[in-house]
Amino acid sequence: MTWHVAEEDLRAYAHGELAPPLLWSADTHLTGCAQCRARLAGATDPVALDTGWERLDAELDAPRPGLLERLLVRLGVADHTARLLAATPVLRRSWLLSVLFLLVMTVLAVRVADQPALFLALAPLLPLAGVALSYGPSLDPTYEMAVVAPLHGFRLLMIRTVAVLTAGLVFDGLATLALPGYGLLALTWLLPALALTATGLALTARLGPVVAPALVGGAWVTLLAVAAARTPTHDTLAPFTAAGQSAAAAVAALAALLLYQARDRFDARPMGGFPEGGTG
């Protein structure tokens with residue numbers, strides 16, 4: 001081979017400054033000329049070359065963001081927060097489809113049996129269950145990654161709670177639209193849902209992410225059973241009357257205050273996790 005890349009062109013090529021058509025000629029020549037490739041290696045800054053390889057490795061190893069993560073980033077959510085939200089287990093398609101199917105079946109049953117109490121009893125439990133399943137060492141498959149994230153445990157809990165609660169409330173709200181004949185009664189699940197979720201979170205600091213929501217859910221079912229036994233036929237159950245709604249709002253506010261006071265418990269915990277049992 002009688003022609004080789006000129007020294008100044010080789011230096012420009014090494015620094016990414018060589019413009020076409022010389023760039024194309026150099027590319028073609030370097031593929032078949034070992035002598036010019038050796039000269040190129042000598043003209044390349046080793047520090048810049050190592051830095052370039054590191055950037056390439058990082059780009060290749062970086063996971064591709066999913067649809068939810070890209071949407072959150074477009075809405076202004078920080079990259080690391082969007083990734084944590086996208087990794088929340090109960091925001092997966094399977095869970096969301098299960099919740100949607102359950103609500104559809106419940107709405108159909110309510111319309112056939114004309115018993116709105118069935119929907120009103122179920123709707124507040126869905127956000128409670130979703131939040132309970134979104135955090136904790138025994139429930140979250142991404143738990144180890146979450147606890148090493150540069151976030152306080154309480155802030156991470158609140159981020160996931162808002163995401164899951166929003167998803168649950170949206171589904172419940174859509175189901176409510178399918179029951180227009182019940183008027184404002186179809187919306188009386190909202191305050192109990194907030195009260196149950198806030199109470200479950202407040203108790204989680206002491207009882208853990210399994211026992212606390214289980215107790216709260218059990219108490220809700222028991223309350224409805226007692227109210228149904230004491231309520232005459234076709235009358236509104238006590239939790240869905242004006243007095244019951246006021247009580248639910250008061251419970252939600254009190255539970256939110258207790259949760260804020262217990263916020264340090266979500267950071268001062270072994271391995272970043274909630275206690276599996278009581279902490280005393």
Side-chain angles (χ1 to χ4, degrees), residues 90 98-134 161-162 164-262 278:
V90 295
S98 298
V99 171
L100 182 60
F101 176 78
L102 180 60
L103 283 174
V104 169
M105 292 297 100
T106 303
V107 168
L108 291 177
V110 169
R111 294 179 71 90
V112 171
D114 194 26
Q115 291 292 331
L118 177 62
F119 171 75
L120 297 178
L122 173 67
L125 292 174
L126 293 179
L128 172 67
V131 171
L133 293 170
S134 70
T161 295
V162 170
V164 176
L165 191 58
T166 299
L169 294 181
V170 167
F171 278 121
D172 281 348
L174 291 175
T176 301
L177 295 177
L179 301 172
Y182 298 107
L184 294 178
L185 178 63
L187 296 174
T188 53
W189 57 268
L190 180 57
L191 286 175
L194 296 177
L196 293 183
T197 302
T199 303
L201 287 172
L203 293 178
T204 293
R206 288 186 172 273
L207 302 178
V210 177
V211 177
L215 286 178
V216 173
W220 172 248
V221 173
T222 302
L223 174 63
L224 290 180
V226 172
R230 296 187 175 184
T231 302
T233 306
H234 301 302
D235 282 3
T236 303
L237 296 182
F240 308 113
T241 61
Q245 294 288 288
S246 299
V251 169
L254 177 60
L257 176 61
L258 294 177
L259 174 62
Y260 180 77
Q261 291 178 341

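These numbers come from a predicted model, not from an experiment.
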Side chain of Q245, backbone of T188: donor and acceptor closer than 3.5 Å? yes
Passing option when L201 is tested against L128, L259, L258, L196 for side-chain contact (heavy atoms from CB on, under 4.5 Å): L259
On a heavy-atom basis, which atom in A238 and which in T231 lie closest, and how many Å separate them? N-OG1, 4.5 Å
Using 0.5 Å steps for rounding, measure from the OG1 atom of T199 to the CH2 atom of W220. 11.0 Å
Backbone of L194 reached by a side-chain donor or acceptor of T197 within 3.5 Å: no
Smallest separation among heavy atoms of L237 and A228, with atom names: CD2-CA, 3.6 Å
Kindly write out the residues that satisfy side-chain contact (heavy atoms from CB on, under 4.5 Å) with A198, not counting sequence neighbours, or none if the list is empty. A255
Taking every heavy atom of A212 against every heavy atom of G200, the minimum-distance pair comes out as CB-O, 3.7 Å
Residue pair P124 / A121: nearest heavy atoms and the distance that separates them: CD-O, 3.6 Å
When you compare the side chain of L125 with that of W189, does any pair of heavy atoms fall below 4.5 Å? no
In the structure I gave you, are the side-chain heavy atoms of L185 and T236 within less than 4.5 Å of one another anywhere? yes
